[in-house]
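So you know, we letter chains A, B, ... as the sequences are listed, proteins then strands, and number each from 1. Worth knowing before you read on, the calculation uses all heavy atoms, side chains too, and leaves out hydrogens, waters and symmetry mates.
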Amino acid sequence: MIHQRTAASSLTRRFAVTSAALAAFALLLTVMSSWWLVSQQHITAMRIVSKKEADFHAATVSATLHSAASRMNEAANSSILATGLVDSAGRETYLAPYLSSIRQINGVPIYILFTDFSGAEISSNGLGRFSEKEMSWLRKQLETGREAAEIIESDRGPELIAVEMLSYSRTETPEGALIYKMVLADLRPNDMAQLAWAGQPLPARENEDMVTVPVNMPESLKHLRFQVIEPLQPTSARELAPRFAVIAIIAMALAGTVLVLGARLALRLTQDLRRLESFSRSVVDGGLGTQRAPIEGSIEVSSLAGSINHMLDRIYEQHAQLQEERERFLQLANTIPQLAWVAGPDGKIHWFNDRWYEYTGTTPQQMKEFGWRIVHHPAMQDSVFERIREHIEQGQPFQMTFPLRGADGEFRPFFASAAPLRDGSGRIVQWFGTNTDVSQIEQAERAVRESEERLREGLVAARMAVWDWDLSSDAIRFSPNAPDIFGEVWDSGTDAWSAVHHDDRQRFQRAVEKAVAERSQFNQVVRMIRPDNDNMVWIESRGRVISDQGGQARAIRGISIDVTVRKNAEEALRMANQRKDEFLAMLAHELRNPLAPISTAAEILKLTGPDAERLRQTSEIITRQVDHMTSLINDLLDVSRVTRGLVKVEKEPVRMADVVAGAVEQVKPLIEARRHRLTVQPVPPQACVLGDRKRLVQIVTNLLNNAAKYTGEGGEIVLMVAADADKVELSVRDTGIGISPALLPHVFELFTQAERTPDRSQGGLGLGLALVRSLVELHDGVVEAYSEGTDKGSLFTVRLPRLDMEIIDPDASPVAPPAQERAGMHVMIVDDNVDAAHSLAVLMEAEGYRVSVEHRADTALERAIADPPDAFLLDIGLPEIDGYTLARQLRAVPATAHALLVAVTGYGRKEDLDRSEAAGFDHHLVKPATRQALADALARSRPTSGKAPGSDEPAAMQ
Amino acid sequence: MHYSRLQPVSKRRQLLALGLLSGLLSPFASGAADTAGKASIVVGIDGEFGLANSTSAQAVELGVRAAATEINAAGGLLGGRPIEVITRDHRSMPARGIRNIQEFAAMPNVVAVFGGRFSPVIIEQLPKLKETKLLFLAVWSSADIIVDNGMNPNFIYRLSLRDSLAMPTMLKNARQRKLKKVGLLLTNTSWGRSNLAAAEKFADTASDISIVRTTWYNWRDTTLVDKYLKLLDAGADAVLLVANDDEAAVLVKEVAALPKEKRIPILSHWGITGGEFVKQAGPALHQVDFSVIQTFSFFNAAKQPLEKFMRTLSTISDIRRIEDIQAPVGVAHAYDMMHILARAIALAGTTDRPAVRDALEKVREYRGLVKHYKPPFTATRHEALGPDELLMARFREDGVLVPIKK
């Protein structure tokens, strides 16, 4: 490197180069000034030539314009044009030739047009047309009557256009016009020259390269002030080339001579200096020793040698001191607990302290160059190395953490810190760094973090907030999940109090005050309105008072849990329980109600000698009350079975018209009793559904019953059925007591019932609507209730899927003959319950039937064969031989094969009905069978009996 | 020859203008009961109103207005419709005249248009007149082709001189005066050529008179004496001049400046009487033997129509003497023509131009200023005047044109 520098700028060479450069510069100046002078003279000469040429061109243009102007003036005043203006005869023979003779002025084409007073063409010189723009310009001039000339833009570029008026002394207006134009491009004397005129901006390149000469204009065109603009004759470099070549050759010869002489002189003058230089090179190459520079040559060089010797002495001294310092530093570095190292400015570590070798178990040999990489974790080695390299490049102190392998093979995290050491000029001389084992600190931190995380997750899962309330400052701090629970957090206890529901606040405060006074705990459940969504939440708060060393209450720490879900569940449970209790109370009441008249009636019957009229009244009371109780129990059983999913519906195509008719018939007595007005809208024929006819009737009946019950006497009930493409909608509207908004959501729930009103004579268990909903749902339908409120009436709507077919109207049901026709009919009652059998027998006899009674199947069969009855009322649960078997036997005997068999039993399930039909029964009545039901059953005799007219269809089971 | 462009308006013209104004108003004053509120019948005049020093168009207007005043005073036409006069100026320029015809033709209520003095203008208008079928009444211009225009039916009528009659009359007059060698100095227009044809035709048949030479002057020429001298050199002892007032005045002044032996008689066509020829020629006029052809002179007019006319004139102008009537032929022709037109309109019962045109051929007679027309026109004759009316006249010392006693 030192050698290079010597070669690059030896003093001798500097002398030589500098003197040569100075000489070359002087030469260059001379050459340039000569060059400039020659060029300048040449340009001046060319300018004079160009000016002369431009003057000549301007004169040419001027001559052309003068000729044109005078020629046109002459033509305008000629008698030929004058005659042409007043006499059209033959003018084509003289006008056109005359004008055509003027087609060029000094070789420049001129366009001429001769017009009348209005600008209409009379003749032209046939050179070309005038544009509409030019003609309108002409007409404008004719209006003013003034001769004019202008420059107008045309598609051939700017052109000079002018008009000469043909005037007549006896009129005050121009009577004709001679208009002419010349294209400016044609007027230009040569291709380089340009024409400028008044009002037209001069060409943009207006500098000394252009020559501008005004054109002497004819009088009529004077205002246009033409100028000829021409570029200067270009200076040709080729012309001057020989002269410049001579200058260049002389200059180069001079430069060469100066260079050689300068080099020689430099060598001689620097001889002694070069000797001193070779000494100092030997000192540097050979290391520090005791050499001394020879003192010889010029004064300056001798003095320099002395100085060098003095400096060498000082360097020897300082070197010894430095060695000592270094020893002390190494001792210090080896005693500190950290691993320490020193690196060069390029980051290469060249020294490690003893602690390093102890911890890593490596040797200085292994650590050479970048040997330290082996103690880094293989997975992180590259990234750590890369980051260290970046920091070294930036030259700033840095810290980082990475694992280092110990002698035991285990990696421990180390915190590394390094800083550069700079010299006086700010250049980095070396790096000093330490690595500190931080494995224990990191473990402790991680444990704390994980514990906090678990606590936080626990709090969130439990919807629980933890808080700490400083009593002296009123400051309160919440765990981070508090906003999730409260909807807000508060900084002070006072603010937090305000969030508590005002009904609970006093209680809560008293509990807290008590805990503070007793240095104890509190546990309160209070309501709060969340400020973010205004929802009410239930919060359970538990707190413990913390006392200071003097026993004074200092703070309260506690938790708050959102227990809204629990509270709501408790409330729902409570409500359900309450409804059940109410229902049971009502059920008891409803069941007890008929018992009272029945009991009273029984007492009456016990009295001796009741007359027939009283007997009938009493039995009617009992019958009515028993009917009522039966219906209550049927409803109860039905609803229980339906809600428990024990009922299956037998689906068949059903016309809603039939359903409505059936239901109306059933409800009629109640409607009439309460003097309601029932309006049934006509049912559309396409209103058909797939369903269980009986259940559908039950749905409508219940809705109508409900309407009738909850409407004051003389109310109005409207039943309407509508059908569209895919559903049938049945609605029942009444003018009754309506449903309060609070009740509306629960109206279809079990045991729900409106409050009784004094005039409601009909009781009920509140099962009807629950049953309706269950049955509608079994039919894949929806039922909805609507009311505008109490005393505003109600509307119930049932929507069922429509069956897309029309059901052929079946024949009317056979009309049962009047019961009187049955008088004298022989009926056998078979029942092992003697009371039941006898009471039924009394009833039947009272109806006019001939009755025989049996209590066993075998005796009944015997007697039937002996005296075959027309009909049998058979109990199913007979001892030994049951009702089914008896029925089959009766069917097997010719005498009773066609008799009417009616099952009268306590079993009323679907399976029971199916079994009795299979056994040959015609009808199946469930006990207690009403008088009407018995009469109806007996009225429908078997078809083969020949006693009843009508269809062949089997009578429906009842 | 230079004229100043702005001629001072003479006092006489001012008076005339005032008179015309009162003429416009007077029909409504006198015949108000009959004509007020009715749609007017419009008569147009296409003339050289704006030509400096010219009085011919104004003379035609005076004649038309005088007749219109009389007609309106008598209760108008077609059940009380008044006659209204509209004028258009062509300043003797054909191009302007053609535009005027176009405008008149486009006005639906214009029934007919009276023409001015300049034959060249009317000749240039002919194609437009043929195209528009505008009823045109020539009361001064004399070129033959104006009436012999080839239209069928012919929508042009003339109550004026005809060149083919004027030239023979002038030549006969020369012959009478023993001026056997004539030179022609003509305007280089269709009018000039029309007269050349007429003169040559006459000379071909006459053995005792010859045309020694013909020279032409152009529009705007400022001197004519060179042409005159050429005729003189050719041996002419009289010059037949076909020119208008300005050029003629130039010639008269130039000839008057010549030595007496070079001043030969000049027989002029009548175009010179339509302007201020007398005033422009000045005293020079009486240094030259100058006579001019006329169709009519108020000095020869029948007494009864003249008196009526002068009465009317006194109501619409300041003119009280026949000597004060400028361009007298124009006034008289226009006056008579307007009356004949009125009769034709009455006859047609409509202002429809073709109907009125037809009716003009059917007017039986009219006793006018110039003569007793009986009938004025026929289907084959659209010229109201004939050779019998032609006469030569001279300018009196006071400038008034008077007939030369035969």
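Every side chain to side chain contact (heavy atoms under 4.5 Å, CB included) that B:A243 has, sequence neighbours left out, goes to B:Y217, B:L241, B:E247.
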inquiry  = Between B:L51 and A:Y168, is the side-chain contact (heavy atoms from CB on, under 4.5 Å) condition met? List the steps.
reply    = CA-CA 10 Å; B:L51 186 69; A:Y168 176 37; 3.7 Å; yes

Stepwise side-chain contact (heavy atoms from CB on, under 4.5 Å) check, A:D87 with B:E124 = CA-CA 7 Å; A:D87 188 1; B:E124 298 291 329; 3.8 Å; yes

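Closest of all the heavy-atom pairs between B:D246 and A:R170 is OD2-CD, 2.6 Å. Of all heavy-atom pairs between B:R96 and A:T173, the closest is NH2-OG1, 3.1 Å.
With hydrogens and angles disregarded, no donor-acceptor distance shorter than 3.5 Å links the side chain of A:E175 to the backbone of B:M93.
Within residues 71-79 of chain A, the residues having any heavy atom closer than 4.5 Å to a heavy atom of chain B are A:A76, A:N77, A:S78, A:S79, listed by residue number. Within residues 95-129 of chain A, the residues having any heavy atom closer than 4.5 Å to a heavy atom of chain B are A:D116, A:F117, listed by residue number. For residues 189-200 of chain B, a heavy-atom distance under 4.5 Å to chain A picks out B:T189, B:S190, B:R193, given by residue number.
More than 12 heavy atoms of other residues, nucleotides or ligands shown are found within 6.0 angstrom of OH on A:Y94. Under a cut-off of 6.0 angstrom, the local environment of CD1 in A:I80 is crowded, with over 12 non-hydrogen atoms contributed by other residues, nucleotides or ligands.
To the nearest 0.5 Å, atoms CG (B:D221) and OG1 (A:T83) are separated by 7.5 Å.
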